[in-house]
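Note that the structure is predicted; figures quoted are calculated from it, not measured.
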Amino acid sequence: MGEHAGGEGPVLSRSRLVRLRQEEADLRARVQPLLDEHGLLPEHWRILAVVDDHPGITMTSLATSAVVAAASLTRHVDRLVELALVVRRIDPSDRRRAVLALSSRGADLAARLLAAEEGSDVGTTSAGLADVTGRA
């Protein structure tokens, strides 16, 4: 890791934390236009991504997995429910807990956001989403 010639663009670092933050900034730049289009925050995307991977997840597990403060998770999930992206249900095995899953609209948006992370340009049609995600 020598001198940085030219002074433009990020430089490589031996620090895993620096490299991780650089990757995060790159990914955020890719998904931010789509988030803005839907009035969403990066926290919303992390929640959608985890719920997409783990339908039926509890709020406690979601907070940890999506790296969202438990104190703000309910507010974020309320917003996603309001936008019809997430469905919240009572856990049939423990009626004191809520579990979450994506609506079909939420699954479509999650597929578009995943494609944006990969740098793909995916349309909003179900056919375009099926090509990328394997689901219609």
S.K.: Answer whether the closest heavy-atom distance between the side chains of Asp52 and Leu114 falls below 4.5 Å.
M.R.: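 Yes, side chains in contact.
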
S.K.: Using the rule that two of Ile, Leu, Val, Met, Phe, Trp, Tyr join whenever any of their side-chain heavy atoms come within less than 4.5 Å, decide whether Val81 and Val87 are in one cluster.
M.R.: no

S.K.: Are more than 12 heavy atoms from other residues, nucleotides or ligands located less than 6.0 Å from atom CZ of Arg19?
M.R.: yes

S.K.: In Å, rounded to the nearest 0.5 Å, how long is the span from CG of Leu109 to CG of Leu102?
M.R.: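 It is 9.0 Å, given to the nearest 0.5 Å.
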
S.K.: What residues, two or more places apart in sequence or in another chain, satisfy side chain to side chain contact (heavy atoms under 4.5 Å, CB included) together with Ser104?
M.R.: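 Partners of Ser104 by the side chain to side chain contact (heavy atoms under 4.5 Å, CB included) criterion come out as none, since no residue qualifies.
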
S.K.: Residues two or more places apart in sequence or in another chain: which of them pass side chain to side chain donor-acceptor pair (under 3.5 Å) with Ser61?
M.R.: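 Per chain and number, Ser61 pairs via side chain to side chain donor-acceptor pair (under 3.5 Å) with Thr58.
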
S.K.: For Leu27, check side chain to side chain contact (heavy atoms under 4.5 Å, CB included) against everything at least two apart and list the hits.
M.R.: Glu23, Arg30, Glu117

S.K.: Using the side chain to side chain contact (heavy atoms under 4.5 Å, CB included) criterion, which residues pair with Asp91? Sequence neighbours excluded.
M.R.: Ser93, Asp94, Arg97, Val99

S.K.: Write down the atom of Ala101, the atom of Pro55, and the distance for their closest heavy-atom approach.
M.R.: CB-CB, 4.3 Å

S.K.: Can you list the steps and then say if Leu62 with Val68 is a side-chain contact (heavy atoms from CB on, under 4.5 Å)?
M.R.: CA-CA 8 Å; Leu62 178 59; Val68 174; over 6 Å; no

S.K.: Do Leu35 and His44 have side chains that approach each other closer than 4.5 Å (heavy atoms only, starting at C-beta)?
M.R.: no

S.K.: Could you tell me whether the side chain of Gln22 and the main chain of Val11 form a donor-acceptor pair under 3.5 Å?
M.R.: yes

S.K.: So which of Val31, Leu34, Leu85 actually passes side chain to side chain contact (heavy atoms under 4.5 Å, CB included) with Leu40?
M.R.: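 For Leu40, the side chain to side chain contact (heavy atoms under 4.5 Å, CB included) check succeeds only for Leu85.
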
S.K.: Could you measure the distance from the NE2 atom of His38 to the CG atom of Leu113? Nearest 0.5 Å is fine.
M.R.: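 One finds 7.5 Å between NE2 of His38 and CG of Leu113.
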
S.K.: Using the test side chain to side chain contact (heavy atoms under 4.5 Å, CB included), find all partners of Arg28 that sit at least two apart in sequence or belong to another chain.
M.R.: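 If we apply the side chain to side chain contact (heavy atoms under 4.5 Å, CB included) test to Arg28, skipping adjacent residues, the hits are Glu24, Gln32, Pro42.
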
S.K.: What heavy-atom pair brings Ser103 and Ala84 nearest, and what distance separates the two atoms?
M.R.: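 The answer is OG-O, 2.5 Å.
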
S.K.: In Å, rounded to the nearest 0.5 Å, how long is the span from CD of Glu43 to CZ of Arg46?
M.R.: 5.0 Å

S.K.: According to side chain to side chain donor-acceptor pair (under 3.5 Å), who are the partners of Arg88, at least two apart in sequence or on a separate chain?
M.R.: Asp78

